[in-house]
There are 2 protein chains.
Amino acid sequence: MYPETIDRYSKLPFYQQLYEILLNKIQQGEWQPGDMIPPESELIENYQVSRNTVRQVLDMLVNEGLIYRQRGRGTFVAHPSLEQSMTRIVSFTEDMQQREFTPGTQVLSATLLPAEAEIAAKLQIQTGEQLACLRRLRLADGEPMSIEESYLVHSYCPEILQHDYAQQPLRKVLETDFGIRIASAKQVIKAILAPPELIDLLDIKTPAVLLFIERVSFSQGKIPVEFLRIYYRADRYSLFNELHE
Amino acid sequence: MYPETIDRYSKLPFYQQLYEILLNKIQQGEWQPGDMIPPESELIENYQVSRNTVRQVLDMLVNEGLIYRQRGRGTFVAHPSLEQSMTRIVSFTEDMQQREFTPGTQVLSATLLPAEAEIAAKLQIQTGEQLACLRRLRLADGEPMSIEESYLVHSYCPEILQHDYAQQPLRKVLETDFGIRIASAKQVIKAILAPPELIDLLDIKTPAVLLFIERVSFSQGKIPVEFLRIYYRADRYSLFNELHE
DNA sequence: TAGTGGTCTAGACCACAAA
DNA sequence: TTGTGGTCTAGACCACTAA
């Protein structure tokens, strides 16, 4: 399924290929949190690249918080942390597991509609172009945690609404059915007063506060694919991150 | 004032020394946003280090969003972006300038008080130890933008309250008077309903929503120095960031 | 002592941008 | 064509950890 060796004639640089290979081993759980990954010497041997190339890849994974190094001991898979959810694209399921909640999902609606100007601009399409809109209520330990409104450019992923998203992650369908992998995203984080129509759905009392995120997600080719609005119950959800000089 | 060459007998690695030198040129404005910085070949020549070492330093600055590279053209100082304020320690003044507001500050109070258990734990000190508390109203274009409550471990910086913080940045006093440089921080971001006592100060109407940040800042020696609460008017302030795989 | 990651060097060839 | 950054190699010596 995924390549295990570096294609020396590929247009992709060695370090990107090796990054994909190692990332995959972590994401697929072949290497578990806390596991030591093979030492640099072994990666050099296995993949037939220089130490600098190996270290370039490990640096990337360290920067993303996926692994950490200990001099004299080795390199280890990091335990998922809440900080990661601020800089890495993390699924709702992963996010909730890190917060030690049991995740759940209810589909509120799945419809086609023409793009409003505001959303069209963010997705770099024409106003009125068809969008697939998926609204989901997200649960944590059975209680409402957030509402997610996804708007997908329908021409990139026709028939996308013919799945049961209570069971299946949207991201996985995008990847397996349409070959679209979300590689990066930009988002805005706000605090808002809960709109009346969300009060009942989220099972909160007015006046209630929400942490509100608007996100544009891009494919590997940097094409905007999805516009997402997430309304989090502020009494149950907060964000963490680290700053440096 | 700041070293301009690499001390080849220092305990600090070359790349850290070079990082300090280049960071300083950017922060002091010697190199302005949009300026091309010297090409790698020149940095190699100037500082007598290898290309890998130069590139290691430039990689760090790129990761922090301070510079960007264009193949075939050169390396340039980045224009400050709103995204940076999510991962870099940015002063209120800088942050407002990036948002194209004119910043202003009013000191609400400056007092000494004993540490509550909650704050003491975050600052890794004993409950009841003396804290310097500085409360400031922050203005943008003359209108209230946020309230900042700083709690500093007083034994690290005695007499710190004997300055006029309407004029002088707290961070600068810490550095020049006490040799404390804030190098990293951890923060939590929440949405809250405005507490009644802040309503008037922020010139908002109830029920009002705030973006609320609690931050612990660490010195270069990783010692917690400051606990900070910031209450932002949600109608005027939001956060931006980028995510990746 | 053996094995790990941390730092550093001196080269090489390539792709891209501007003149 | 020249100069820039992008990728890659093959070595070296060091500091730290664990046995």
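Model, not experiment: these values are computed from the prediction. Hydrogens, waters and symmetry mates are skipped; everything else that's a heavy atom, side chains included, is used. Chain letters run A, B, ... following the sequence lines, proteins first and then strands; every chain starts at 1.
- Here dG5(C) presents its P atom at 13 Å from CG of Leu61(A), a figure rounded to the nearest Å.
- Inter-residue side-chain proximity for Arg229(B) and Tyr151(B) is flagged as met; some heavy-atom pair is nearer than 4.5 Å.
- Between the side chain of Arg55(B) and the backbone N or O of Glu40(B) there is no donor-acceptor pair closer than 3.5 Å.
- Between Arg171(A) and Glu175(A) there is no salt bridge, since no side-chain N of the basic residue sits under 4.0 Å from a carboxylate O of the acidic one.
- DNA chain D lies under 4.0 Å from at least one heavy atom of each of the following residues of residues 42-52 of chain B: Arg51(B), Asn52(B).
- Mapping heavy-atom proximity under 4.0 Å, the span of DNA chain D touched by chain A runs 5' to 3' from dT7(D) to dA18(D).
- Using a 4.0 Å cut-off between charged side-chain N and carboxylate O, Glu4(B) and Lys25(B) make a salt bridge.
- In the displayed structure, Gln130(B) atom CD is contacted under 6.0 Å by more than 12 heavy atoms of other residues, nucleotides or ligands.
- Side-chain atoms of Ile160(A) and Phe178(A), non-hydrogen and from C-beta on, do get closer than 4.5 Å to each other.
- The pair Glu245(B)-Arg181(A) meets the salt-bridge criterion, since a charged nitrogen lies less than 4.0 angstrom from a carboxylate oxygen.
- Each of Gln16(A) and Pro39(B) lies near DNA chain D, and the nucleotide nearest Pro39(B) is the one positioned closer to the 5' end.
- Checking the phosphate oxygens (OP1, OP2) of dG3(C), no side-chain nitrogen or oxygen of Arg73(A) falls inside 4.0 Å.
- Heavy atoms of other residues, nucleotides or ligands lying less than 6.0 angstrom from CD of Glu45(A) number 12 at most.
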